[in-house]
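A, B, ... follow the sequence lines: proteins, then strands. Residue 1 opens every chain.
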Amino acid sequence: MNEITDEQLAKLVQDGDKEKFGILMERYEQKLFRYGRKFLASRYNVEDAVQEVFIKTYESIRSFDVSQRFSPWIYRIAHNTFVNALKKNIRNPLYLFDFDTLVSHPVYDDPASAEREQREMKAMIEKGLDKLPSHHREVIILYYLEELSYKEIADILRVPIGTVGVRLKRAKDALRKVYQELGLHYEQ
Amino acid sequence: MNNDMNTQQNKILDDVLSKIRANEIRMRPKFYFTLKVVLLGVVAMCVLLTSALLFSFLIFSIRVSGRFFLLGFGFRGIEVFLMAFPWMLFFVDAVFVLIFLVLLKRFRFGYRYPLFYVAGGALLATLCLAFIIDYTPLHVALSERAREGKLPVVGPFYSDAGRPPRDRGVFRGRVIFVREDGFTLDQERWNDESKTWNVIAPPGPDIRVFIQSGDQVFVAGTVEGDVIRAFGIKKIVER
């Protein structure tokens with residue numbers, strides 16, 4: 001069963017094999033719990049939120065295009081669910097309009113330095129993540145912890161790919177400031 | 001703690017699966033999502049069409065009321081044009097364009113590209129469609145029906161659209177008599193109003209070269225009693 005892809009499993013569920021959805025849930029439960037715990041910053045009932053994600057995923061499974069990747073699709077559902085949870089529970093409104101979506105931003109791809117940076121960031125992220133605003137926190141989680149690509153993150157957040165890069169840079173700058181305030185060392 | 005977390009997580013998976021098996025949670029049929037997309041597309045097209053119709057009506061009203069010719073009469077004409085511009089209609093149309101933009105963002109092509117480009121595309125689509133509609137006889141036909149009192153709901157808008165903004169010093173009428181320094185204007189009747197004006201032409205060539213008795217004209221100027229001191233005169237040529 002490990003050889004079967006998420007997309008193939010989704011197709012089987014669409015065709016009526018409900019039990020295969022259990023396998024999909026097993027594959028994504030840890031990821032979604034991690035994403036939910038980090039994004040909701042441990043203030044909310046992550047278990048309820050993740051359960052809601054799985055319920056919405058099952059209800060909407062027939063809208064999934066099996067020629068696309070399943071991962072960004074379920075993360076999109078998780079993003080919407082967690083955002084709604086945040087909206088219900090905090091006073092300040094969420095980041096409603098992003099001026100970075102107004103114009104085009106170039107996307108630079110350097111795989112070697114990206115991989116090195118990924119390793120370094122993963123080690124450091126845990127310490128300051130809950131101090132960041134939600135829109136910065138989310139893009140850091142999706143890129144460094146969930147290891148999604150710019151394109152996948154763009155589809156989850158429904159923004160242009162260039163905006164993901166800009167938002168990530170801003171999030172790292174914000175994280176650097178958090179480390180300085182906490183007296184921690186931040187490596188570039 | 002890890003064991004507690006794993007137990008909680010397993011409980012969630014078991015809860016969801018048992019609800020699925022008991023049919024408490026069901027997959028929505030594919031046609032539900034197809035219908036959603038189609039409806040969204042239809043609504044978006046309706047909003048685009050409404051926006052284009054409003055904008056084409058704006059163009060039509062500016063043209064038939066004489067406001068458009070004000071742009072050819074220097075800063076004073078531009079000033080009167082801006083003061084007489086149907087701003088309320090313009091802002092209502094802008095709201096429709098914004099709604100269209102919000103609907104476009106629900107589609108992949110709407111969020112894949114920067115907002116600036118998507119907004120530009122939305123605006124271009126609205127303007128192109130508006131100019132196409134303006135080129136058709138739609139508004140002229142509806143305006144005629146409004147004059148005959150046969151156009152419900154939007155009739156008053158068409159009746160008002162063709163009326164020159166008299167309060168801004170813009171008039172439309174027929175030339176009765178032409179003199180060297182101006183002419184006598186029989187103002188076009190609205191709601192049984194009628195008035196005859198003595199129009200003093202702006203300094204320049206002899207007005208009799210350009211205007212003859214019987215011509216339909218727009219006049220822009222300041223009113224002093226029964227006299228209009230014109231800064232702009234435009235002969236109306238029927239399309």
Side-chain angles (χ1 to χ4, degrees), chain A residues 10 13-34 36-37 45-65 68 76 97-105 151 154-164 166, chain B residues 1-41 44 95 97-123:
Chain A
V13 175
Q14 286 176 345
D15 292 340
D17 191 346
K18 299 176 187 176
E19 297 301 322
K20 294 293 188 292
F21 190 72
I23 302 172
L24 277 173
M25 283 199 290
E26 282 169 12
R27 288 184 182 182
Y28 279 91
E29 60 165 322
Q30 291 292 342
K31 293 179 186 181
L32 294 182
F33 269 107
R34 187 174 57 226
R37 270 197 298 275
N45 193 330
V46 178
E47 288 78 18
D48 285 349
V50 171
Q51 185 175 54
E52 198 179 330
V53 171
F54 283 131
I55 290 171
K56 285 182 180 173
T57 301
Y58 183 76
E59 287 175 342
S60 311
I61 194 89
R62 286 203 169 121
S63 72
F64 171 62
D65 179 359
Q68 304 293 318
R76 172 72 191 162
F97 183 74
D98 186 358
F99 287 93
D100 290 328
T101 63
L102 275 178
V103 295
S104 176
H105 299 282
K151 184 177 175 301
D155 279 334
I156 291 166
L157 301 182
R158 296 262 167 115
V159 295
I161 293 176
T163 300
V164 174
V166 171
Chain B
M1 186 176 159
N2 274 341
N3 279 339
D4 287 341
M5 273 168 45
N6 285 339
T7 307
Q8 259 179 332
Q9 290 167 19
N10 285 337
K11 186 178 177 308
I12 288 166
L13 300 194
D14 291 339
D15 278 349
V16 173
L17 264 179
S18 65
K19 283 180 181 172
I20 290 172
R21 288 175 189 135
N23 274 336
E24 287 174 37
I25 309 168
R26 293 172 194 233
M27 280 184 269
R28 291 202 175 104
K30 192 163 169 76
F31 79 78
Y32 169 88
F33 302 102
T34 308
L35 193 64
K36 237 174 123 173
V37 171
V38 167
L39 271 176
L40 190 63
V95 167
V97 173
L98 277 173
I99 293 171
F100 179 57
L101 195 59
V102 166
L103 291 171
L104 276 187
K105 296 285 276 177
R106 301 290 298 268
F107 296 94
R108 183 170 276 189
F109 64 84
Y111 66 77
R112 270 279 171 88
Y113 299 101
L115 187 60
F116 188 75
Y117 299 152
V118 178
L123 202 57

Quiz item: Salt bridge between B:K11 and A:E47, side-chain N to carboxylate O under 4.0 Å?
Solution: no
Self-check item: Spatial distance of atom CZ (A:F54) from atom CG (B:L17) [nearest 0.5 Å]
Solution: 10.0 Å
Quiz item: Less than 4.5 Å apart, any side-chain heavy atom of B:V16 and any of A:Y58?
Solution: no
Quiz prompt | Structural part of B:F33 lying under 4.5 Å from a heavy atom of chain A | solution = side chain
Quiz prompt | Part of A:E26 within contact of chain B (heavy atom distance under 4.5 Å) | solution = both
Quiz item: Should B:Y111 and A:V159 be marked as a side chain to side chain contact (heavy atoms under 4.5 Å, CB included) after you check the CA-CA gap, both sets of side-chain angles, and the distance that decides it?
Solution: CA-CA 5 Å; B:Y111 66 77; A:V159 295; over 6 Å; no
Self-check item: Gap separating the CZ atom of A:R62 from the CE atom of B:M27, nearest 0.5 angstrom
Solution: 4.5 Å
Practice problem: Evaluate whether atom CZ of B:R112 has more than 12 neighbouring non-hydrogen atoms of other residues, nucleotides or ligands under 6.0 angstrom away. | Solution: yes
Quiz item: Considering residues, nucleotides and ligands other than B:F109, do more than 12 of their heavy atoms fall under 6.0 Å from its CZ?
Solution: yes
Exercise. Find the one option among A:E59, A:Q14, A:K18 whose heavy-atom pairs under 4.5 Å with chain B are most numerous.
Key: A:E59
Quiz item: Out of curiosity, B:K30 NZ to A:S63 OG, how far, rounded to the nearest 0.5 Å?
Solution: 7.5 Å
Quiz item: So which heavy atom on A:Q51 is nearest to which on B:D15, and how close?
Solution: NE2-CB, 3.3 Å
Quiz item: With a 4.5 angstrom heavy-atom cut-off, which part of A:D48 approaches chain B: side chain, backbone, both or neither?
Solution: neither
Exercise. Working to the nearest 0.5 Å, report the span between CZ of A:F21 and CD1 of B:I25.
Key: 8.0 Å
Self-check item: Residues in side-chain hydrogen bond (donor to acceptor under 3.5 Å, both in side chains) contact with B:R26, at least two apart in sequence or another chain
Solution: none
Quiz item: Quick one: CD on A:E52 to CD1 on B:I12, what's the gap to the nearest 0.5 Å?
Solution: 12.0 Å
Exercise. Could you grab the distance from atom CD1 of A:I161 to atom OH of B:Y113, nearest 0.5 Å is fine?
Key: 9.5 Å
Quiz item: Would you say the side chain of A:D155 lies within less than 4.5 Å of the side chain of B:R108, judging by non-hydrogen atoms?
Solution: yes
